[in-house]
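The structure displayed is predicted, hence computed values, not measured ones.
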Amino acid sequence: EICTCDSKYFKQSDGECADCSFSRFGNIAGVLVCCIICMWVGKVVSDNLPKVKRLLAQTSSFLTSISLQAKLKIIISFFQVIITLGPIYGVQMHSAFTSWFDFLQYFDFGLAEALSINKSCYGSMATRLSLNAGWPYAFVFLLVGGIFLPAFIIDMRKLTKKDAVAKFLYRSLYATIIVFYLMLPSVSRRIFDAKICQSFASNDADNESKSYLRSDWNLQCDGNDPSYAKVNIFFWVLFTAWPLSVPLVFLGLLLFIRPSVRINRITPLAEA
């Protein structure tokens with residue numbers, strides 16, 4: 001089902017077109033700003049209260065000793081692989097089995113899912129691809145800005161300029177690696193939406209059929225549709241930028257830190 005109005009989407013639960021609402025953008029932005037403020041306030045409090053700072057240091061040491069970060073990465077990666085089995089690899093499983101994994105949808109870090117806004121509300125397929133592939137960069141930029149504020153206001157007063165810059169770069173690198181690690185499966189899944197088509201018989205007598213893009217039924221995959229040709233170009237550009245380049249960057253980082261890991265030497269990059 002397709003809604004002809006650009007400001008509406010088809011709501012399957014009601015069986016009719018509903019208005020697109022972007023009110024949650026403000027809510028999400030407010031939550032992010034509050035998180036940054038809370039982090040900054042926590043930093044100020046811990047620096048002025050030695051007991052709180054000591055408690056945080058002990059907690060951090062305990063979490064490091066049990067390798068909580070590595071365990072969480074493995075668990076989230078497993079969850080994200082399970083989520084992509086159906087839409088990407090076409091694996092069909094019985095509903096009695098898949099119902100146990102419904103909660104894994106919370107680990108699908110897509111833009112539409114995060115804002116609870118139907119994907120068709122974001123515009124054309126090319127626009128959706130650009131937004132899904134670009135919003136992690138905007139999120140990283142926001143995180144780096146949040147890291148820069150306490151580094152500029154607090155660390156510059158207590159540390160030398162060189163040490164403060166090194167601390168800022170380490171934290172920024174750590175945040176960037178975590179974000180791209182978590183976002184890679186969901187962003188790649190949205191990119192491959194540009195290649196998932198469904199065929200329909202158009203002429204039974206001549207055994208003819210036409211394929212349409214499942215994410216946008218207005219686009220014909222097997223014809224000379226100029227709109228789909230544009231989407232196809234976007235797909236190859238974004239495929240190079242995300243599913244291909246990001247794992248290669250991670251591989252390069254692993255090879256770079258390999259000598260320090262082999263001699264059990266902890267460096268800021270290895271820790272990130």
Run the side chain to side chain contact (heavy atoms under 4.5 Å, CB included) test on Ile196 and Leu213 for me, step by step, so that the C-alpha distance in whole Å, both residues' side-chain angles and the decisive distance to 0.1 Å come before the verdict. CA-CA 6 Å; Ile196 301 177; Leu213 193 66; 5.5 Å; no
Ignoring hydrogens, what is the shortest heavy-atom contact between Ala133 and Leu238? Give both atom names and the distance.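 Closest approach of Ala133 to Leu238: CB-CD2, 3.6 Å.
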Considering non-hydrogen atoms only, spot the tightest contact between Asn132 and Arg190 and give its length.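 Smallest interatomic distance, heavy atoms only, reads ND2-CG, 3.4 Å.
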So, using side-chain contact (heavy atoms from CB on, under 4.5 Å) as the criterion, who are the partners of Pro136 when residues are at least two apart?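 side-chain contact (heavy atoms from CB on, under 4.5 Å) check on Pro136 returns Met183, Val187, Trp242.
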Just to verify, what does Thr127 make a side-chain contact (heavy atoms from CB on, under 4.5 Å) with, not counting sequence neighbours?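 Testing Thr127 for side-chain contact (heavy atoms from CB on, under 4.5 Å), a comparison that skips the adjacent residues, returns Ser124, Leu131.
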Other cluster members, Leu251 - Ile/Leu/Val/Met/Phe/Trp/Tyr, side-chain contacts below 4.5 Å: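 Besides Leu251, the hydrophobic cluster comprises Leu255, listed by chain and residue number.
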Checking one residue: Phe141. Which other hydrophobic residues are in its cluster under the side-chain 4.5 Å linking rule?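 Once heavy-atom contacts under 4.5 Å are chained together, Phe141 still belongs with nothing else.
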Which pairs pass salt bridge (Lys or Arg N to Asp or Glu O under 4.0 Å) with one or both residues in residues 132-145, sequence neighbours excluded?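 Found none.
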List the steps, then state whether side chain to side chain contact (heavy atoms under 4.5 Å, CB included) holds for Met125 with Asp193. CA-CA 9 Å; Met125 187 63 190; Asp193 282 345; 3.8 Å; yes
If you take the centroid of each ring, where Trp contributes its six-membered ring, are Phe235 and Tyr228 closer together than 6.0 Å?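 They do not qualify: ring centres at least 6.0 Å apart.
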Quick one: list whatever passes ring pair (Phe, Tyr, Trp, His ring centres under 6.0 Å) with Phe234, sequence neighbours left out.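 Phe234: no ring pair (Phe, Tyr, Trp, His ring centres under 6.0 Å) contacts found.
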Hey, does the side chain of Ser245 reach the backbone of Thr240 with a donor-acceptor pair shorter than 3.5 angstrom?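 Answer holds: yes.
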